[in-house]
Amino acid sequence: MNHDRAQNRKPTDDGYVLVITAISIVVMLGFSAVAVDLGAVYNLRRQDQSAADIGALGAAQDLGDDTATVMSSIALVNSTLDNAITAASFNTCAGEYPVIDEGITYTPSDTANCISFDRTRRRVRVRVPLQQTDSTFGGVVGVDNYEHTAFAIAEVSTAVFGGILPFALKAGAGTYECLKAGASNVPSAICSTNYSGNFGFLNIGVHGDESLGTTPSCDGQGTNRLAGNIAVGIDHQLSIYGDPPQFGGPHYGTRVVDTETCGDIPRPNSLRTLTGNIPDVTGEGLFSGSDFSDGDDARLRRSSPELSWGQMTIVSGYTLDDNPLWDFIPKYPALEGANVPDSCKLEQFIGETGGLNVDNDLLMTALPDAVAAHLMPMPVEERTNRLLQRCFSHYIGDDWDDNGALIPPEPESGCIEACSDPVFSRNTSPSDEPDLW
């Protein structure tokens, strides 16, 4: 009877289930092991990213001095990580070059190639060297270690169009200074001195900045670059010219001279000055030139056509920006209580009711009687020019006598001690590009 029962028993899957269950347990344990390890590695990766971010931000403050930048970056990265990375490890990233990020090419440091710079030294890229972490449970599936790293880029923001222009007044002049327009002449009666000499054009070495869209311009010193300086403005950092600063400074004692601007490793350049007798070059940069290093036109032709508030005029066949300077004075009563001269307030230029400066009577309504009587015979264009001179004289604490034509001179009023608040600070068009505020 027992023999018959054995013959009648049907086959089952009991054995297969046991094998599959055993295999599944092993696989799930493997996945669990890897998952636990990956969670730990992900946390380390987050630390790497924080270290790279902090290292790049800190290093950006030393841009212009490669040695200081590298030292700051390494120190800040190590201050963020649990384990210190040796200086030698920061020179193990050569295999990832060339690095091009968003069209910007980065060149590695000579001593630590995990730290690299764009050509203008406005951006620094910090790579945390590749690190290996031993697995905790991954060994059960043959994973002995994991690799992790991170990088970050920091930038020192510099304006291009709307930045520094090559016009300057010497410090402590105490009077008006003029840029010479041509040989043996000066542009107006105000410029009653010097017919020769250095008239203060700044020689800015515009050498190209990929992130701003400007291309390298290394066509020599002086007037060859002046038109581009006027049209584009500065597109890189500046350095102190002459003797190194004694107490550190932005370049930590490194003297950076103009001849390095167009070298293999461009650096922030210093500013030299140029003489006069270059009216054609000045006009080219202001209104007649085109296709400058950033691909745009002369300075006065590149903004207003796109701006909703643009006031235009035509000069020699060119449509130019004709927005008066007082348009940038905040509308009253914004300057009430500010430490600025009364002569610099907006109503001095456009009248108390805020009308346009095309009506002679309206323009004079806010002026003192003596000033109004002095300016009344003049054309509107000349009158507003004198009013700006009056504002500038009062701001630096001088009486205004209109070059001896106003007797007695008008003393400054409205400032408490030295004038110190900004005058031309109105952001006229915050929604338009470029924003030239």
Side-chain angles (χ1 to χ4, degrees), residues 41 44-81 83-133 145-158 160 205-218 235-237 239 251-252 254 256 259-269 293-294:
V41 172
L44 293 172
R45 172 62 177 73
R46 290 177 57 191
Q47 292 183 31
D48 292 345
Q49 189 62 63
S50 296
D53 293 343
I54 292 172
L57 288 171
Q61 300 182 55
D62 295 322
L63 280 169
D65 185 322
D66 290 0
T67 300
T69 303
V70 168
M71 291 176 61
S72 296
S73 180
I74 293 175
L76 289 167
V77 167
N78 281 330
S79 71
T80 308
L81 297 175
N83 59 303
I85 301 176
T86 65
S89 296
F90 276 89
N91 203 34
T92 58
C93 298
E96 71 172 346
Y97 290 95
V99 170
I100 301 176
D101 186 271
E102 295 183 353
I104 311 300
T105 301
Y106 290 86
T107 302
S109 162
D110 294 335
T111 58
N113 54 31
C114 292
I115 300 169
S116 55
F117 312 93
D118 73 332
R119 72 181 314 275
T120 63
R121 295 307 194 267
R122 285 185 58 240
R123 292 189 178 199
V124 59
R125 183 179 185 272
V126 175
R127 163 76 70 182
V128 174
L130 189 67
Q131 300 177 81
Q132 287 190 346
T133 299
N145 56 67
Y146 303 92
E147 294 181 338
H148 52 94
T149 182
F151 76 90
I153 296 172
E155 175 183 3
V156 176
S157 179
T158 304
V160 54
V206 178
H207 58 260
D209 184 334
E210 293 167 303
S211 64
L212 293 174
T214 55
T215 56
S217 176
C218 301
D235 68 351
H236 57 280
Q237 295 189 80
S239 172
H251 306 297
Y252 289 84
T254 302
V256 183
T259 53
E260 290 183 285
T261 299
C262 292
D264 293 334
I265 305 178
R267 302 178 187 280
N269 79 289
S293 61
D294 61 351

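One is the number of the first residue; the rest follow in order along the sequence. Small disclaimer: the values here were computed from a predicted structure and weren't measured.
- Here the straight-line distance linking atom CD of Gln49 with atom CD1 of Ile54 works out to 10.5 Å at 0.5 Å rounding.
- When the side chain to side chain donor-acceptor pair (under 3.5 Å) test is applied to Ser109, the partners found at least two apart in sequence or on another chain are Thr111.
- Under the side chain to side chain contact (heavy atoms under 4.5 Å, CB included) criterion, Thr67 pairs with Asp65, Met71, sequence neighbours left out.
- Here the closest heavy-atom approach between residue Ala152 and residue Asp53 is recorded as CB-OD1, 3.2 Å.
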When you look at Ile153 and Tyr106, which way does the side-chain contact (heavy atoms from CB on, under 4.5 Å) test go after all the steps? CA-CA 10 Å; Ile153 296 172; Tyr106 290 86; 3.4 Å; yes
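- Across every non-hydrogen atom of Cys114 and Asn91, the tightest pair is SG-N, 4.4 Å.
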Identify all side-chain donor-acceptor contacts of residues 92-103 below 3.5 Å with residues at least two apart in sequence or on another chain.
from	atom 1	to	atom 2	distance (Å)
Thr92	OG1	Ser89	O	2.5
Glu96	OE1	Arg127	NE	3.4
Glu96	OE1	Arg127	NH2	3.0
Glu96	OE2	Arg125	NH1	3.1
Tyr97	OH	Asn113	O	2.6
Tyr97	OH	Ser116	OG	3.3

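- Residues satisfying the side chain to side chain contact (heavy atoms under 4.5 Å, CB included) criterion with Ala51, sequence neighbours excluded, are Val77, Thr80, Leu81, Val128.
- The side chain to side chain contact (heavy atoms under 4.5 Å, CB included) search around Ala154 returns Ala56, Leu57, Ala60, Val124, not counting sequence neighbours.
- In this structure, Gln61 CD and Thr69 OG1 are separated by 10.5 Å, a value rounded to the nearest 0.5 Å.
- Checking side-chain atoms of Asp118 against main-chain N and O of Arg123 turns up a donor-acceptor pair under 3.5 Å.
- One distance of note links CG of Leu44 with NE2 of His148; it measures 4.5 Å at 0.5 Å rounding.
- Residues Leu63 and Arg122 come closest through the heavy atom pair CD1-O, 3.4 Å.
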